[in-house]
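Every chain is numbered from 1, with letters handed out A, B, ... down the list of sequences.
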There are 2 protein chains.
Amino acid sequence: MRKLLPALIALVVTVPALADEGMWTFDNFPAATVREKYGATIDGAWLDRVRQSTIRLSNCTASFVSSSGLILTNHHCVESCLAGLSSRERSLVQAGFVSRGRDDEPRCTTQVADVLQAMENVTASVAAAVAGLGEAAANEARKKRLTELEQACEKASRLKCESVTLYQGGQYFLYKYRRYDDVRLVLAPEADIASFGGDPDNFQFPRWSLDFSLLRAYENGKPAKTPAFLPIRFNGPGAGELVFVSGHPGSTARLDTRAELESQRDIAWTNWLLRYSELRGRYIEFGKTGDAAARIVEEPLNSLENGIKVRRKLLDTLHENGLLESKTAAEQALRASVAGDAAFGDPWADIARATTIERELYLPYLYLEAAAGFNSATFRHARALVRAAAERAKPNAGRLREYTDAALPRLAQQVLAPIPVYPELENLTLSFSLERMREWLGPDHPVVRRLLARDSPDTLAARLVAGTRLGDPAVRQALWDGGAAAIAASSDPMIRLALEIDGPARAVRKQYEDEVEAPIDAAKEKIAAARFKAYGTNVYPDATFTLRLNFGTVAGWNENGREIAPITHLATAFERATGSEPFRIPDSWQKVRDTLDMQTPFCISTTSDIVGGNSGSPLIDAQGRIVGLMFDGNIHSISGNYWFDAEKNRATALHPAIIRVALEKVYRADAVLRELGVR
Amino acid sequence: MRKLLPALIALVVTVPALADEGMWTFDNFPAATVREKYGATIDGAWLDRVRQSTIRLSNCTASFVSSSGLILTNHHCVESCLAGLSSRERSLVQAGFVSRGRDDEPRCTTQVADVLQAMENVTASVAAAVAGLGEAAANEARKKRLTELEQACEKASRLKCESVTLYQGGQYFLYKYRRYDDVRLVLAPEADIASFGGDPDNFQFPRWSLDFSLLRAYENGKPAKTPAFLPIRFNGPGAGELVFVSGHPGSTARLDTRAELESQRDIAWTNWLLRYSELRGRYIEFGKTGDAAARIVEEPLNSLENGIKVRRKLLDTLHENGLLESKTAAEQALRASVAGDAAFGDPWADIARATTIERELYLPYLYLEAAAGFNSATFRHARALVRAAAERAKPNAGRLREYTDAALPRLAQQVLAPIPVYPELENLTLSFSLERMREWLGPDHPVVRRLLARDSPDTLAARLVAGTRLGDPAVRQALWDGGAAAIAASSDPMIRLALEIDGPARAVRKQYEDEVEAPIDAAKEKIAAARFKAYGTNVYPDATFTLRLNFGTVAGWNENGREIAPITHLATAFERATGSEPFRIPDSWQKVRDTLDMQTPFCISTTSDIVGGNSGSPLIDAQGRIVGLMFDGNIHSISGNYWFDAEKNRATALHPAIIRVALEKVYRADAVLRELGVR
């Protein structure tokens, strides 16, 4: 029950939270609290410079660390780029990469770097669009209005405009980004040291993973000029020091209702874990069939194992005593605050009702619309090509939201990028997913029956993978450019498959949107209004992979009576090495071992309130200098999806001193060091 | 909430259950209810003959169907025997087996056939042994007394004597069996038809799996004389007909408390499913590496997939609304019945406290004592050899219960049987389990650290598997015969490993027994006493893989508005076949297809209350004739672990008509047919 406090305080009382909790938007940062509690002044200039130096990658956060577009982020944020630049014969994930100069910075073809320029509150415009409509009609009208707002914004500002829903529908914003769509690789350590400890040590602390990499933003084929950047303070922070994290937490569910949490517990996480635990086993066994197989499966396996660990702990959290009870208490308090307002109704009951329908639609939605039955890179391309062709023929505001004019350039980049496709891996994932679709939808489901009437999952997958030409970027380009006519004329079996299931998939999506999403969104707008009325904006919105700032300190914690120190050192990494993956220190480090200061600080634990998406975020001191690179949290930090446990939730950063040692002594990246202002 | 009724009735009221629910012991069968409801007379002679004809196999139920020891059971009950008689080159699971005569009936080396001869109530003796003792001491004294009782019984009766705990500690019995330890294979269809539909159709109905096989009990090298047997009524039962199932339901948890159910939900099932879903993926991918691999992994994979489906549905059941609430209601009613008895205390709270400790001990117990970290056939042999040597040196009553004189002959049979061991499969399972042990106990757990300080799970597994000679039955025999001295002198790496972890494993077992098992058992005895006092014996005990009898009718059910007919026919199997596994009908059937009556009944749905362990049970009519062979239930039957849903819980039997067609037209087993009284 100790855990009950912080969540209740945040939700129920109107004074600022006592813990250093909160993923605050830059327009609502509690600078007064920071001044009061730590004596530090965070003014507008500080906020502007930090915002302009913080980057949203496609999957992570990063920051500019020089005026020539140099970007600091995590190795694991760059791992898919490294895999995309690899082949059966050579893995940059394993080998790492050190640029020999600016002519030797290969492009990460699916990466972008977005920098937030402005935020515009459009809540009133959205409210006007939905006024007086029923739930399903309001849901459609809302999406249409957001598309129109984005379109108008992009035309007026020449920036990337994205609508953002905050406080689960309490506010709508347009966020306007400067986008760099030419991002290149500068330096990445070998996986053995970058993810030293591997999956066993993931979400653990103490820790010794050199999880950093360097990228560079380009403009018109030249390094971008980025006058706003963050200098690095290589000696790092002291224990207890005030620190900030600027970044893009991906998503949290702290404002979700109890019914939604129960639905996640009973359906979503269990189902996900069951499917992906099996895929993990398939990947591992496949990787043992040869060196090439091991190379091509490494990055997908790492990503999968991270997802498994996260969801395993999320499920544990939902099983822990206290969380659901705290939800009930918070909901009762908020309900009491609107007692007497007959028009308010019972949005919590509305949501509970909708989650009952969600449970029924879950499996068909998952396998058909979310395409969990067709797990393959070429199928994902086929789906995007088929739908883009269909949607582009419609007026912009009438399209599925992921195919609007604002969304298409990014989609095209992803579909057309020359990323290698490995048929043996395609066979594995597609056969697996067809087999599970048959298991969960049943062999007599119409779609399953049609696809597998004369085939097994293995034979169907083999025929599709052997027949498709979508692994060739030129073929995808032709289909993208050719639009609906090219799609209709295509005999590619993956395109035909995507066309065949598109009807059933869109049907279940429509049902889901009308019967689950629409009533939930309507109910959440009501709850958000009640919350603002009761507590003002002394609450922060759930994470939405948009820019947030938090504050905390360098601190360990007490784990069942054992004090965990907040800073680790290089010596222990060598002591901990077994010589076998994932506890192997690469030759590059072994060779120079004698020249290294074993007392070099390695990792830092802080009280920062971060979640996935914050990976690569700069840890910043009160003077706006980088004093660490966030890359993980301890095991308790995963519960941060649902609530913030101030006693145990800790974030994990790489210490700048070990980055300097790596650049100076191991990778001898002198030009980079000069760019970072060293010597 | 519809589901609430049956469970509440069984637990709360004192009239017989309205539904045909209950796994009744033969000494407490509700014959009066059957007479009243169905007009059938089940007298002592009927019960005795059925009991003497019903067989407990090591893993299933079966029945005698001739006076020469012929045994009818399921194919899936014989699958491990078929795998044991197979090799890399030839799989009897795939090929099936048809004996050419009594000289051609190979032995199932780990199988036994037990027939219950008598039951003796020893509750008073056990109560006397524990009187006045604290919980942990009582737990030890109880086990000691049960061992003494078994020992005395075996000496006096020359039968196999096993103690049985009924009503979760409400009653203790000695069950006395006639044991046949020479069981041989007579006939098994090919897997393609025996498990037609495979995992997708498992626990589904309508159904078309020819899940039968024939064994024979031998005595002194000759077919056993078994005057008590059940004749087969090949035309089968009609819809609505009264039917009985005599068999050995494995285990149920219907009397478990809410705290125990929550513990299963949060810890046991989720953890099991996570681990074994991954192993499923590893098995499947391994099976694709070649024909030999596919053959040797088939049986373990089938068994695993069955376990996954069961636990997946158990977890769903625990998530369903109503079950936990019905527990609370039943517990409150029982608690009210003992109100005012100060000495009674609060056994439900005692159990809840113990489950909190159980959650903490779960992982070390699982990985060390339950050896989930050392998943390998040769490790299991090593563990048995090491512990048997240590325990045999102690007085019988002081041993771990699985090593008493009563238990040793069966253990020896399992350890010494010449079952093939495949090093490639050993490598897979051992590496997998070592890797998961490192994940869940953490790389810094002392045992993990010691084993993996310089090794990866792969390299350690490879070294152990390459080094051990325990795959050779002669080596195991020598170590078994040599006892403690031979074990101490052995340098076999698997034996050394088993010795190395034995201390930590026994320590966590002891802690578990004292702090979890002891208080739970003490609390359950109290609850059982209260239940008897309130409701008499109008309740049935939870399943314990001991002989039970139930009654029901041939009936389908209504699945979301769709009526499911209770009998399927051969024609649909051919329509449903895709030509690909697991929907492939083998050549033996295709060849004679034109000679078969397509209207032959195939499977039957009944309201019988059965669970795993009942597989292979005879479905019996009121005249004591076999009218079906139980092999499964519908998906709702899995919930039967927790409660009986009379509306939807259905058992699935093979119709005798399809067995006759198989024997006559396909396998041409004329001698067997004559033995069954045909022509």
Check: Which residue out of B:G198, B:P457, B:A453, B:G579 racks up the most heavy-atom pairs below 4.5 Å with chain A?
Finding: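 Most heavy-atom pairs under 4.5 Å with chain A: B:A453.
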
Checklist line | Heavy-atom pair count under 4.5 Å with chain A, highest-scoring of B:L318, B:T459, B:D458 | finding: B:D458

At a heavy-atom separation under 4.5 Å, does [X] approach chain B through its side chain, its backbone, both, or neither?
X: A:I267; result: neither
X: A:L279; result: neither
X: A:R436; result: side chain
X: A:F432; result: neither
X: A:N202; result: neither
X: A:D455; result: backbone
X: A:R275; result: neither

Do [X] and [Y] have side-chain heavy atoms sitting under 4.5 Å apart?
X: A:T578; Y: B:L452; value: no
X: B:R312; Y: A:E439; value: yes
X: B:Q204; Y: A:D444; value: no

List the atom of [X], the atom of [Y], and the distance in Å for their closest heavy-atom pair.
X: A:K288; Y: B:R282; result: NZ-NH1, 3.6 Å
X: B:S277; Y: A:S277; result: CB-CB, 3.8 Å
X: A:F583; Y: B:R438; result: CE1-NH1, 3.8 Å
X: A:L315; Y: B:T270; result: CD2-CG2, 3.5 Å
X: B:A577; Y: A:R454; result: O-NH1, 2.9 Å

Note to self: Counting heavy-atom pairs closer than 4.5 Å to chain B, which one of A:E262, A:R265, A:E285, A:R576 comes out on top?
What the structure shows: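 Top count of heavy-atom pairs under 4.5 Å with chain B: A:E285.
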
Next item on the list: Could you have a look at A:G442, A:P443, A:G197 and say which one has the most heavy-atom pairs with chain B under 4.5 angstrom?
Entry: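 Going by pairs under 4.5 Å, I would pick A:P443.
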
Which bit of [X] is near chain A, if near means a heavy-atom gap under 4.5 Å: side chain, backbone, both or neither?
X: B:R449; answer: side chain
X: B:P200; answer: both
X: B:Y276; answer: neither

Notebook entry, point to check: Given A:T289 and B:T289, is the side chain to side chain contact (heavy atoms under 4.5 Å, CB included) satisfied, shown in steps?
Noted result: CA-CA 8 Å; A:T289 59; B:T289 59; 4.3 Å; yes

Note to self: To the nearest 0.5 Å, what is the distance between OG on B:S431 and CD1 on A:I284?
What the structure shows: 8.0 Å

Notebook entry, point to check: Got a second to check how far A:R359's CZ is from B:D316's CG, nearest 0.5 Å?
Noted result: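 Separation between the atoms: 9.5 Å.
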
Next item on the list: Determine, for B:R280 against A:E435, whether the closest basic-nitrogen to carboxylate-oxygen distance falls under 4.0 angstrom.
Entry: no

